[in-house]
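Whatever order the structure lists them in is the order used to number ligands and atoms, beginning at 1. Each residue takes its place number in the sequence, starting with 1.
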Amino acid sequence: MKPDVFDVAVVGAGVFGSWITYLLQLSGAKVILIDAYGAGNSRSSSGGESRIIRMGYGPDDLYSRSALRSLVLWKKLFALVEPDNAFAAQQHFRHTGVLWLARSSDAYCEDTLKVLQALQVPIEKLTGADLGSRYSQFDFSDVAWGILETESGALMARRAVQAVAAQSQRQGAIFISDKVQSPGPTNRVESIQTESRKEIIADKFIFACGPWLPKLFPEILTNRIHVTRQEVNFFGTPAGDETFSAHRMPIWVDFNDLVYAIPNLDNRGFKLAIDAHGPEFDPDTGNRMVTAEGIEAARAYLRKRVPALADAPIVESRVCQYENTSNGDFLIDRHPQIENVWLVGGGSGHGFKHGPAVAEYTIGLLDGGGRIEPQFALATKQNFQQRQVY
Ligand SMILES: Cc1cc2nc3c(=O)[nH]c(=O)nc-3n(C[C@H](O)[C@H](O)[C@H](O)COP(=O)(O)OP(=O)(O)OC[C@H]3O[C@@H](n4cnc5c(N)ncnc54)[C@H](O)[C@@H]3O)c2cc1C
């Protein structure tokens with residue numbers, strides 16, 4: 001029997017690989033998607049409950065435009081997978097709004113406001129007094145003003161990625177669960193091998209392996225993608241108290257303190273995470289239990305900002321990882337030596353929302369017709385850490 005030959009083999013069914021597979025399959029290509037642990041698995045960066053989709057990115061309108069485009073495609077996909085059930089479609093995207101907390105002198109938030117206004121993103125600018133009266137469950141006394149993105153919200157991460165991967169299978173993409181081996185040094189790859197000795201033959205290969213990319217391509221990525229350990233805690237809200245539910249609070253981002261919070265979605269608790277980069281982490285074997293120091297850092301912030309939850313019990317916690325490029329820009333580029341291999345990753349703690357736009361951009365690169373963004377090129381990735389994109 002003649003072996004299957006695919007137009008494209010996509011390795012990694014996280015948010016990037018799943019969206020690439022789905023849009024490629026939709027365009028008529030014959031695609032195979034391979035993942036070592038399954039779509040949206042708990043080791044992957046795309047696993048977990050929720051991810052913020054916001055439009056603001058400081059002065060960087062590239063990411064704002066990308067997020068705007070992505071929200072349209074996310075909603076279209078959710079409507080497609082749940083055609084007869086608007087409620088079920090809403091289970092993938094929660095329309096909470098996203099609030100930026102700004103200080104009196106705050107260049108990043110001022111730039112965010114300018115870009116959002118220029119792109120006509122629906123927003124409300126709130127004064128300190130507005131914030132105090134609308135959200136009295138929080139102590140916003142050091143917050144001078146805010147920007148509320150009224151149409152933004154939360155993507156239910158694991159569920160959303162699995163919906164994309166499942167939809168691409170329904171469209172005809174093949175999915176296999178297996179670990180792909182590094183292609184090794186060559187100019188062109190004819191096939192890739194899996195741990196269980198399957199050979200996958202394709203014309204083009206996309207490695208969308210998130211935090212595993214440096215393991216697969218150590219010679220070019222070891223110092224260009226840093227994988228860091230990130231802790232997330234869900235705090236139990238008092239019985240009968242709805243002040244931390246999505247109809248009473250938006251998601252908020254406090255990038256001055258590198259903290260963000262998500263309402264009590266699906267009754268799992270008020271989610272608080274510290275966005276500062278943690279220590280280096282191994283996505284296969286790393287210990288995913290939160291630490292006493294991490295819990296204390298979260299509680300210290302709660303004492304300041306959310307006094308009612310300062311002593312709340314932790315009802316759930318997670319350890320995930322960021323795969324950080326030098327400044328937080330994504331890596332989406334052809335392998336420098338292997339002509340038919342592309343590398344897609346470097347989500348750097350903010351990539352999830354962009355899955356659809358990253359896929360469109362990557363597909364444009366494959367046929368050579370797309371625009372090139374220098375920000376995504378391998379050549380712009382340094383071997384030091386200087387975060388600029390949040
Ligand atoms: C705690 C946390 C909070 C975040 N919050 C946000 C947020 O609010 N908003 C936002 O937009 N982004 C957020 N992010 C970032 C976002 O989640 C990531 O940027 C994004 O999920 C990265 O997706 P990916 O597809 O590149 O990688 P992954 O999701 O890690 O997918 C890579 C896949 O490749 C597979 N794989 C690896 N090696 C192999 C191999 N050899 N063979 C086969 N398969 C392989 C893995 O099993 C995995 O499924 C957050 C991340 C974390 C960790």
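In this structure, the protein non-hydrogen atom closest to atom 7 (C) of ligand 1 is Ile52 N, 3.4 Å. Considering only non-hydrogen protein atoms, atom 33 (C) of ligand 1 sits nearest to Asp35 OD2, 3.5 Å. Among all protein heavy atoms, the one lying closest to atom 39 (C) of ligand 1 is Cys209 SG, 4.0 Å. Shortest contact from atom 44 (N) of ligand 1 to any protein heavy atom: Ala36 N, 3.0 Å. Atom 23 (O) of ligand 1 has as its closest protein heavy atom Ser46 OG, 3.2 Å.
Taking any N or O of Trp212, backbone or side chain, none lies under 3.5 Å from an N or O belonging to ligand 1.
The shell of residues lying under 4.0 angstrom from ligand 1, judged by heavy atoms, includes Asp178. Every heavy atom of Arg54 sits 4.0 Å or more from the atoms of ligand 1.
Using cut-offs of 30° and 60° for the angle between ring planes, the His92 and Phe78 rings count as parallel. Note on ring orientation: taking the six-membered ring where Trp is involved, the planes of Tyr37 and Trp212 are tilted (angle from 30° to 60°).
Evaluation of the side-chain hydrogen bond (donor to acceptor under 3.5 Å, both in side chains) rule for Arg43 yields no partner, not counting sequence neighbours. Looking at residues two or more places apart in sequence or on another chain, you find a side-chain hydrogen bond (donor to acceptor under 3.5 Å, both in side chains) between Asp266 and Arg94, Arg159.
Residue Gly210 holds the heavy atom nearest to atom 27 (O) of ligand 1 of all those in Gly210, Pro283, Ala208, Ser50. The heavy atom nearest to atom 52 (C) of ligand 1, out of those in Phe281, Phe207, Phe16, Tyr322, is found in Tyr322. If you check each of Arg43, Lys353, His354 against atom 10 (C) of ligand 1, the one with the closest non-hydrogen atom is Lys353. When the heavy atoms of Gly347, Gly349, Ser44 are ranked by distance to atom 15 (C) of ligand 1, first place goes to Gly349.
Within 6.0 Å of atom CD in Glu296, more than 12 heavy atoms from other residues, nucleotides or ligands are found, so the atom counts as buried in its surroundings.
Under the 4.0 Å criterion applied to side-chain N and carboxylate O atoms, Lys304 and Asp257 are assigned as salt-bridge partners.
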